[in-house]
Each structure stands twice: as structure tokens, then as C-alpha cells.
Number of protein chains: 2
Amino acid sequence: MKTDKSEIERRMTRFEQVCRSADVKLTHQRMEIFREVAQTGDHPDAETVYRGVRTRVPTVSLDTVYRALWLLSDLGLITTLGSSRERMRFDANLSRHHHFVCLRCGLTRDFYSDAFDELKLPQSIRAIGRVETTHVEALGVCRKCAKTNRAKPTTMKRK
Amino acid sequence: MKTDKSEIERRMTRFEQVCRSADVKLTHQRMEIFREVAQTGDHPDAETVYRGVRTRVPTVSLDTVYRALWLLSDLGLITTLGSSRERMRFDANLSRHHHFVCLRCGLTRDFYSDAFDELKLPQSIRAIGRVETTHVEALGVCRKCAKTNRAKPTTMKRK
DNA sequence: TTAGGTGCAAATTCTTTGCACCCTG
DNA sequence: CAGGGTGCAAAGAATTTGCACCTAA
């Protein structure tokens, strides 16, 4: 699930722009942490980002990864997803998209749908609040899990 | 956000049926824990359920609440929601519904939409896996937060 | 230069587990 | 009365924080 080169470039450029305009320092660590998320489509958790970054910046620490990820999220450069019985995951895909989530293994993959994007919200929702964005979650069983185990989906074991 | 009486009754009845057919013991604790989730529309976390149950069963322990909630989830009697920067929350509303989530305070409210329920998934998703259910998440700012603070939504502080 | 960023280690918070006793079926 | 369920206390996992040093601007 690699993101293609030109898209990574685009994301890195935007990263630099946003950091500068927000007066946030462009450190080596932050750059590599963002790159790690930007370069994968796998919605990694903090630990996974940490492991990836460490191959390039061996001295980076896990708490720096956490601090950077939340900062990036505050800056709107990445989004978070934390459904299901799992740790928090991070996503650098900012284009309008939706998620397929495997109930057995937690695999999360992006998908796109014009029909979903154009959905009109019911009027009744205005009584609750003002909606900024909507996102569809499709829950099911991924190809791989469907092959390996035909049992009813049960709760995923933690860790 | 109280659920109406008849609906609670219905949920409690189903709870008893499912437990019996799954050979799961109907203990006082489990019953009150389920009732606590069934009776609110607030998608409480484990701690909140614990506090609520304790007023009726003062000796109940937090770990029993956790064990019961995951059990109920395994039995399909409740669902879990854990998006955003928060702890796991539980939901006894099993009818097809969607969620409005406030980006500032985390308030989560159910809403219904026939249009959403009838959505056709794109063919491309079949390459990823078999979808069992879809659920729309509408992210925005709730009435209360819109009133108290007009600043741009930022990441919620934990706790 | 200097305020913000980092690494380290320790602290928190949320959740799970081992074990002895208890209660439902 | 048997085996699952519970409470307690302690462990574990994920995430955050205090502090002294470091570095981008």
C-alpha cells in the first residue's frame, strides 16, 4: 500500500508550507515522522510509525513520535482513526475518502465513492450541530481473513 | 438522552434471551451493566457505566464492568465506538443508525437516514473484502460548543 | 541567541489478569 | 454442587509529562 511518489512530494510540500505558516519548527524528526505516515496507505499506529522512522533516524524516541503525530493532527496535516478495539491510527490521506475496516484483523483500507460524497444529511441533524464532514465506514471481512477462517466474526483480541 | 421505557424493556428481554441461548449466566451485575448502557443514548465509556451501575450495585468492580461490556459486545448485544482521541464507548442501539460526533467535546449522538441506509457501495470495494454493514460518521461542532467557543475546532485535550 | 523541540525516564490512564471465594443454573 | 462469574489487587499496554539539553530560525 505505497502512496505514489508524486503524491508523497505533494504532501511533503504542503507539510512544509503548513508548518511554516503555523510557526512550527521544521525539525528532522517531524519531517521523517510525517513522511512515514504520508508514504503509506496503511493507517499506521504510533508504534509502527516509530519503527519505520527509526530505520532512518535511529535516535528518535517514541514520545517524540506521539508529540509529532498529535501536532500534525492539530495542524490538519493528518487525521486520526480509532474505531474498533484497537490503538489510535493515523492517516495522511486528506482527500475525501471512506474506510473499509476488517472486523477480524483490523485492516483498514481507503475507498472512494462519489455517491457517498454527495450524500445529503437529514434536516434533523441540524438540531444536534453543524456538520463539517461526513465519512462512511464499511465494516466487513477482508479477503485474507475470509480465506483463512470461515467462523463468525468475533471480537478481535487485543494485542 | 434517555431511551424510552418500552425500548428498554425490549432490550432487556433480548438480553435475557441471548444470554440464555449462549449459555451465559444471567448475573445481577451483568443485568445492571447492560441496563445502564441500554437506558442511555449517550454512548458511555466503561468508567461512566461503572459509576452508573454503582449507584444500584455498590459492590460492583470496574473490571467486572469491562468484562461484561466486552462480553455483551461479543454476544452482539452492544456495539463499540472508539473514534477520535478518546476512550472506548459502548452503544446498545442496534437498529441501523449513524453518528454525529462533535470535534470539540466528543459528544456523540445517533441519527437516522433512509438515504444513508440504502447506499450502494462501489464495486471496487469487493476487491478489499465483503462488507457486512456501513455506518456514516458526521463530524462537526455541536450546538453547545458552537455557542461557547467560536474558535476553529482543534484537537480535543485528553481528559 | 532563544524559544521551541527532543530524548530520557518516570508517571498516568485505561484495560486486563490471576486467584480465591461466590452464586446461577 | 459445579463451573462460570466476581472482587480485589496487581500487572500490562498505550500514551503523556517533567526536565535538562539541543537546535532551527
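Any value given below was found using the heavy atoms of this structure, including those in side chains, with hydrogens, waters and symmetry copies removed. Proteins come first, then strands; the chains are lettered A, B, ... in the order of their sequence lines, and each starts at number 1. Keep in mind it's a predicted model, so treat the numbers as computed, not measured.
- Atoms CD (A:Glu32) and P (D:dT23) sit 16 Å apart, rounded to a whole Å.
- A salt bridge is absent between A:Glu7 and A:Lys5; no separation between the charged side-chain nitrogens and carboxylate oxygens falls under 4.0 Å.
- Donor-acceptor pairing under 3.5 Å, judged by distance alone, is present between the side chain of A:Arg67 and the base of C:dG7.
- Remark: the B:Asp45 side chain and the C:dC14 base include no donor-acceptor N/O pair separated by less than 3.5 Å.
- Whole-Å rounding puts the B:Tyr50 OH to C:dT13 P distance at 16 Å.
- Using a 4.0 Å cut-off, some side-chain N or O of B:Ser61 falls inside it from OP1 or OP2 of D:dG7.
- Residues B:Asp63 and B:Val24 each lie close to DNA chain D; by heavy-atom proximity, the contact nearer the 5' end of the strand is made by B:Val24.
- Atoms OG1 and CZ, from A:Thr80 and A:Arg89 in turn, are 12.0 Å apart once rounded to the nearest 0.5 Å.
- Among the nucleotides C:dT15, D:dT6, C:dC8, the one closest to the side chain of B:Met88 is C:dT15.
- The side chain of B:Thr64 approaches D:dT6 more closely than any other nucleotide in the set D:dT23, D:dT6, D:dG4.
- In this structure, B:Leu71 atom CG and C:dT16 atom P are separated by 13 Å, rounded to whole Å.
- With C:dT15, D:dT23, D:dG5 as the candidates, the nucleotide lying closest to the side chain of B:Arg30 is D:dG5.
- Between the P atom of C:dG5 and the CG atom of A:Leu69 lies a distance of 15 Å, rounded to the nearest Å.
- Atom pair A:Leu75:CG and C:dG4:C1' shows a separation of 14 Å (rounding to whole Å applied).
- The separation between A:Lys25 atom NZ and D:dT23 atom P is 12 Å, rounded to whole Å.
- One finds no side-chain N or O of A:Thr27 lying less than 4.0 angstrom from the OP1 or OP2 phosphate oxygen of D:dT23.
- In the set D:dT6, C:dT15, D:dT16, the nucleotide with an atom closest to the side chain of B:Tyr66 is C:dT15.
- Going from atom CG of A:Asp23 over to atom P of C:dA3 covers 13 Å, rounded to whole Å.
- No side-chain N or O of A:Asp117 forms a donor-acceptor pair with one of A:His97 less than 3.5 Å apart.
- Counting to the nearest Å, the C1' atom of C:dG4 and the CG atom of A:Leu26 are 13 Å from each other.
- Distances were taken from every side-chain heavy atom of A:Val60 (C-beta onward) to each of D:dT15, D:dA24, C:dG7; the shortest belongs to C:dG7.
- A donor and an acceptor atom, one from each side chain of A:Thr134 and A:Arg96, are located under 3.5 Å apart.
- Side-chain N/O atoms of A:Arg10 and A:Thr3 include no donor and acceptor closer than 3.5 Å.
- Checking the phosphate oxygens (OP1, OP2) of D:dG7, a side-chain nitrogen or oxygen of B:Gln29 falls inside 4.0 Å.
- A:His43 and A:Asp110 form a side-chain donor-acceptor contact under 3.5 Å, judged by distance and modelled atom types alone.
- B:Leu62 comes within contact range of at least one nucleobase, with a heavy-atom separation under 4.0 Å.
- For B:Trp70, counting side-chain heavy atoms from C-beta on, the closest listed nucleotide (C:dG7, C:dT15, D:dG7) is C:dT15.
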